[in-house]
Number of protein chains: 2
Amino acid sequence: MTAIAPRAWQVVLDAVERDLLDGRLSPGDHLPPERTLAADLGVGRSSVREALRVLEVLGLIRTAVGSGPSAGAIIVARPGGGMSALMRLQVAAQGFAVADVVKTRLVLEGAIAAELASRAGVIDLSAAEQILTAMERQPLTEAEFLALDTQFHLSLAEASGNQVITATMAGLRSAIEGYARAGAAGLASWPATSARLMLEHRGILIAILCGQADAARLAVHAHISGYYAETHLASVSSATASSTTR
Amino acid sequence: MTAIAPRAWQVVLDAVERDLLDGRLSPGDHLPPERTLAADLGVGRSSVREALRVLEVLGLIRTAVGSGPSAGAIIVARPGGGMSALMRLQVAAQGFAVADVVKTRLVLEGAIAAELASRAGVIDLSAAEQILTAMERQPLTEAEFLALDTQFHLSLAEASGNQVITATMAGLRSAIEGYARAGAAGLASWPATSARLMLEHRGILIAILCGQADAARLAVHAHISGYYAETHLASVSSATASSTTR
DNA sequence: TGTAGCCTGTGGTCAGACCACAGGAGGACC
DNA sequence: GGTCCTCCTGTGGTCTGACCACAGGCTACA
């Protein structure tokens, strides 16, 4: 059935995927040179390059020119970039609604906070702690604050050790980064809002450290939905991930 | 900073993204022909094709040869395919652990079930209902069952109306589809397991229809983690999304 | 023995060519 | 005058060949 019209670049993609699944390729390995790959698979070099471009954007490989061990296409399996590109473009193309992106953030980040709280004591949260301290050290511009804010949220996901959620969160975040930035510019008082956000960050961290899973989830929920409500980007009235509140 | 080495295909990708954000391109619109795009942006046609390939895999466009209104590259914004490819390849390249994929399914599907329950009565669940009926009509092979099982879970996500979660779920699902299939083959008694799974499906649907958010979440949690535990694919002991059970 | 230059292999890019395909326009036939 | 057929055009799909920039290793020279 797939033999009717196997697109040439698909052949390459499938071959790489099969090599990965069969263990012939692992993270850190080099892919064969483009010209070799083309000859081996019986396709043109252009088609190989199209497939490699996809793999690169998806975060599976990184390419480098020159010679030596660091040159060529190398398997890296770094999902963050691909997830970000995918989500960003889907939001741009209206395949994803901003409100849905925010809702999904609520679900994922709420779950992360709850899980971290339930494992309080055995999780290292010093990275998140340091980011908060850095945020509170001096007044920050909107851009600087949002950058550190992103780092804080991501550090929580990373602490959980769940690569899938971490990458997905990073993608969601970057997809609506432009909207968050635009929203910050229209706030009545940025110093007031940023001060509140920092307090909420502390509250989230404390709830996690004290093992209060539900409190942590609610704090994250309020933190995220509050910001988007204040900036009029999305009114997230959904009961998603907060059905346990009553 | 980006002026140091703007990769030619990146130029194309950025141009398309900007056109989307600025409203010059919308779903249903045609992209300019490859040759025109290449001339306009001052890059070679190969580079344009690399960018278009990325957009195609990411689910943003679909391409068709020939002439007429249906030919050419058209904005479609269908995130499912891109999410599936990304997750599948990341799992293959060991960027995503299977256990993390399953955990993320628990979080997302649990949240979906809870939300649907909290909106019971105003949500149309006839699609899910019909799928369950179809599953119960006659004995099914593993492959047939798993296909309908996928449809059931997806129909719940679609009922929620959240495109982001729906696409993410679809991607997660397809990423571990191979493992689920392999697991089914190793079960002691497939008829017994499938019967149990169908009962659990009914339980989930009933909990949702009755507006029992927590019960629905727990039922989904047990349903998914139970299957993967039984097939020894992943022991999901995480408290994620179930911290409210105490 | 050390160093400077070349050499080779790699990805990055472009230009051109050809093909398959689908739709439309025009003419030929009834 | 209407209908059918054929050719023409524009599109993506693919391949080939060429050239460039780059980085590392190798060799020849001092």
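Protein chains get the first letters and strands the later ones, always in sequence-line order, with residue 1 at the start of each. In what follows, every heavy atom counts, from backbone to side chain, and hydrogens, waters and symmetry copies are set aside.
- Counting to the nearest Å, the P atom of C/dG11 and the CD atom of B/Gln10 are 19 Å from each other.
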Verdict with supporting geometry, A/Glu34 and A/Arg49, salt bridge (charged side-chain N to carboxylate O under 4.0 Å, His left out): CA-CA 7 Å; A/Glu34 296 177 356; A/Arg49 298 198 94 258; 3.1 Å; yes

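- The residue B/Arg62 sits apart from the nucleic acid: no heavy atom pair falls under 4.0 Å.
- Using cut-offs of 30° and 60° for the angle between ring planes, the A/His153 and A/His201 rings count as perpendicular.
- In the set C/dG11, D/dC15, D/dG13, the nucleotide with an atom closest to the side chain of A/Ala8 is D/dC15.
- The residue B/Ser46 sits close to a base: some heavy atom pair falls under 4.0 Å.
- Residue-level contact check: A/Ala64 touches the backbone only, with heavy atoms under 4.0 Å from sugar-phosphate atoms and none from bases.
- Proximity of A/Thr63 to the phosphate of C/dG12: a side-chain N or O atom is located under 4.0 Å from OP1 or OP2.
- Taking for each of A/Ser67 and A/Glu56 the nucleotide of DNA chain C with the nearest heavy atom, the 5'-most of the two is the partner of A/Ser67.
- Dashed line: the shortest gap from a side-chain N or O of A/Arg45 to OP1 or OP2 of C/dG11 is not under 4.0 Å.
- For the pair B/Ser47 and A/Gly72, both in contact range of DNA chain C, the more 5′-proximal nearest nucleotide belongs to A/Gly72.
- Separating the CZ atom of B/Arg49 from the C1' atom of C/dG12 is a distance of 17 Å, rounded to the nearest angstrom.
- If you check distances only, the side chain of A/Arg53 never reaches the base of C/dG12 with a donor-acceptor pair under 3.5 Å.
- Between B/Trp9 atom CH2 and C/dG11 atom C1' the separation is 13 Å, expressed in whole Å.
- Taking side-chain N and O atoms only, B/Arg35 has no distance below 4.0 Å to OP1 or OP2 of D/dT11.
- For A/Arg7, a side-chain nitrogen or oxygen approaches OP1 or OP2 of D/dG13 to under 4.0 Å.
- Taking each heavy atom of A/Leu52 and A/Ile61 in turn, the nearest pair found is O-CD1, 3.5 Å.
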Side chain to side chain contact (heavy atoms under 4.5 Å, CB included) assessment of B/Val220 paired with B/Leu106: CA-CA 7 Å; B/Val220 168; B/Leu106 290 181; 5.7 Å; no

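- Look at CD on B/Glu34: it is 10 Å from P on D/dT11, rounded to the nearest Å.
- Counting to the nearest Å, the P atom of D/dG13 and the CG atom of B/Leu31 are 12 Å from each other.
- The shortest distance between the side-chain N/O atoms of A/Ser70 and the OP1/OP2 oxygens of D/dA23 is not below 4.0 Å.
- Between the CG atom of B/Leu41 and the P atom of C/dG12 there is a distance of 19 Å, given to the nearest Å.
- You'll find the side chain of B/Arg105 stays beyond 4.5 Å of the side chain of B/Met169, heavy atoms only.
- Among the protein residues, A/Gly68 comes within range of the sugar-phosphate backbone only, with heavy atoms under 4.0 Å from sugar or phosphate atoms but none that close to a base.
- Between the CD atom of A/Glu50 and the P atom of C/dG11 there is a distance of 16 Å, given to the nearest Å.
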